[in-house]
**Q** 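Sharing a structure with you now.
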Amino acid sequence: MDGFLRDSEQRAFLMAMTLTRDRQDALELVQESMLKLVQHYCNRNPDEWGPLFNRILHNGVRDWYRKQKFRRLLVNLLPWQTGDPDGAAVEVSAECQALADEGLTRVLHAMARLPLRQQQAFLLRAWQELSTRETAYALSISENSVKTHYARALAQLRSLLGDESLGDRHE
């Protein structure tokens, strides 16, 4: 297993770095993937390690993208942004990071004030990127109910956060 990990580390890092464009996140994704491979699959046939490791890594990258999208959504719910409009990486100062953390806290507190169904609809649609149909199935409600809960959640979050200028990006 040690030899496999040594041989795979650099290629996996380059792949993760290409996909995330962030050195720290790429390193973290590779380390987590290696750890999961060792913890769950070290007793498997060594011929299976390559495909298993790549699947674990790509699932980690996909989860990373979901988290990034959710973070952008939360930041966009606030009246200020920490990035440029094209989504390019921007060097963020400690002061801006503190504002972003404070903003995330504000959003989470605002979400906690929503009814449970609105929270669920918002998180499934905005964070998990489920369709209206998939969200309806997950919550065992109609598609129209999903649309209603999601729209109400967005409106309430905008109201609680003081940002009426947001468009309906995810409706």
Side-chain angles (χ1 to χ4, degrees), residues 1-77 81-92 94 96-97 100-101 103-105 107-108 111-112 114 116-143 145-147 149-150 153-154 169-171:
M1 178 65 76
D2 287 339
F4 170 79
L5 294 175
R6 253 190 319 277
D7 293 343
S8 302
E9 182 178 22
Q10 189 63 30
R11 287 189 314 270
F13 172 73
L14 290 174
M15 187 181 316
M17 181 69 178
T18 300
L19 294 169
T20 64
R21 293 179 182 89
D22 185 281
R23 179 177 169 69
Q24 286 305 111
D25 288 342
L27 283 171
E28 208 169 295
L29 284 166
V30 171
Q31 289 174 348
E32 288 174 5
S33 298
M34 288 180 164
L35 184 62
K36 286 180 183 178
L37 180 72
V38 170
Q39 288 175 334
H40 300 289
Y41 301 106
C42 66
N43 294 328
R44 291 278 186 102
N45 181 338
D47 293 338
E48 296 178 56
W49 291 344
L52 286 168
F53 177 67
N54 283 300
R55 172 174 265 174
I56 293 167
L57 179 60
H58 284 280
N59 286 342
V61 169
R62 187 178 45 229
D63 290 343
W64 179 87
Y65 269 99
R66 284 184 184 142
K67 289 175 186 174
Q68 295 303 312
K69 182 176 181 180
F70 185 63
R71 257 187 122 64
R72 281 192 307 274
L73 175 71
L74 293 178
V75 168
N76 287 336
L77 283 171
Q81 295 183 3
T82 59
D84 75 11
D86 297 325
V90 172
E91 191 68 30
V92 178
C96 284
Q97 186 60 48
D101 292 343
L104 181 58
T105 301
V107 171
L108 294 175
M111 281 188 57
L114 299 177
L116 177 61
R117 218 28 128 186
Q118 288 180 17
Q119 290 179 32
Q120 292 171 319
F122 178 79
L123 291 172
L124 289 172
R125 294 280 290 125
W127 187 17
Q128 295 294 331
E129 301 177 6
L130 297 184
S131 68
T132 302
R133 175 174 280 144
E134 292 167 328
T135 302
Y137 180 77
L139 297 177
S140 298
I141 60 177
S142 72
E143 289 182 44
S145 291
V146 169
K147 291 176 186 177
H149 290 304
Y150 183 69
L154 280 177
R169 292 180 187 90
H170 301 294
E171 293 182 47

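Residues: numbered from 1 along the sequence shown.
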**Q** Rounded to the nearest 0.5 Å, what's the gap from CH2 on Trp64 to CG on Asn59? Could you check?
**A**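 Taking CH2 in Trp64 and CG in Asn59, the distance rounds to 15.5 Å.
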**Q** Tell me if the OH atom of Tyr65 is crowded by more than 12 foreign heavy atoms within 6.0 Å.
**A**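 Correct, the count exceeds 12.
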**Q** How many angstroms lie between NE2 in His40 and CG in Leu52, if you round to the nearest 0.5 Å?
**A** 11.5 Å
**Q** Out of curiosity, Gln119 CD to His149 NE2, how far, rounded to the nearest 0.5 Å?
**A**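 Answer rounded to 0.5 Å: 12.0 Å.
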**Q** Would you list the pairs meeting side-chain hydrogen bond (donor to acceptor under 3.5 Å, both in side chains) in which at least one residue belongs to residues 1-20, sequence neighbours left out?
**A**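 As it turns out, there is no side-chain hydrogen bond (donor to acceptor under 3.5 Å, both in side chains) pair with a partner in residues 1-20 once direct neighbours are skipped.
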**Q** Does the side-chain contact (heavy atoms from CB on, under 4.5 Å) test come out yes or no for Met34 and Val30, once each step is laid out?
**A** CA-CA 6 Å; Met34 288 180 164; Val30 171; 4.0 Å; yes
**Q** Would Ile56 and Tyr41 satisfy side-chain contact (heavy atoms from CB on, under 4.5 Å), going step by step from the backbone distance to the final call?
**A** CA-CA 11 Å; Ile56 293 167; Tyr41 301 106; 3.8 Å; yes
**Q** Quick one: closest heavy-atom pair of Leu57 and Ala16, and the distance?
**A** CD1-CB, 4.4 Å
**Q** Give the minimum heavy-atom separation between Leu114 and Ala153, together with the two atoms involved.
**A** CD1-CB, 4.0 Å
**Q** Going through the checks in order, is the side-chain contact (heavy atoms from CB on, under 4.5 Å) test met by Val146 and Leu124?
**A** CA-CA 10 Å; Val146 169; Leu124 289 172; over 6 Å; no
**Q** Answer whether the closest heavy-atom distance between the side chains of Leu19 and Leu29 falls below 4.5 Å.
**A**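 When only atoms from C-beta onward are counted, Leu29 and Leu19 do not touch, as no gap falls below 4.5 Å.
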**Q** For Ala26 and Phe13, work out which heavy atoms get closest and say how close.
**A** CB-CE1, 3.8 Å
**Q** Which heavy atom of Met17 sits nearest a heavy atom of Asp22, and at what distance?
**A**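 That would be SD-C, 3.7 Å.
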**Q** Let me confirm one number: the CZ-CD distance from Arg55 to Glu48, rounded to the nearest 0.5 Å.
**A** 11.5 Å
**Q** How many angstroms lie between atom CD of Glu143 and atom CD of Glu134, to the nearest 0.5 angstrom?
**A** 10.0 Å
**Q** Ring-plane angle category for Phe4 and Phe53, please: parallel below 30°, perpendicular beyond 60°, tilted otherwise.
**A** perpendicular
**Q** How long is the straight-line distance from CD of Glu28 back to OG of Ser33, given to the nearest 0.5 Å?
**A**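 If I round to the nearest 0.5 Å, the distance is 10.5 Å.
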**Q** Report yes if some heavy atom in the side chain of Met15 is under 4.5 Å from a heavy atom in the side chain of Val61; otherwise report no.
**A**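 No, too far: nothing below the 4.5 Å cut-off.
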**Q** Judged by atom type as modelled, is there a donor-acceptor pair below 3.5 Å linking the side chain of Trp49 to the main-chain atoms of Leu5?
**A**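 Between the backbone of Leu5 and the side chain of Trp49 there is no qualifying donor-acceptor contact (under 3.5 Å).
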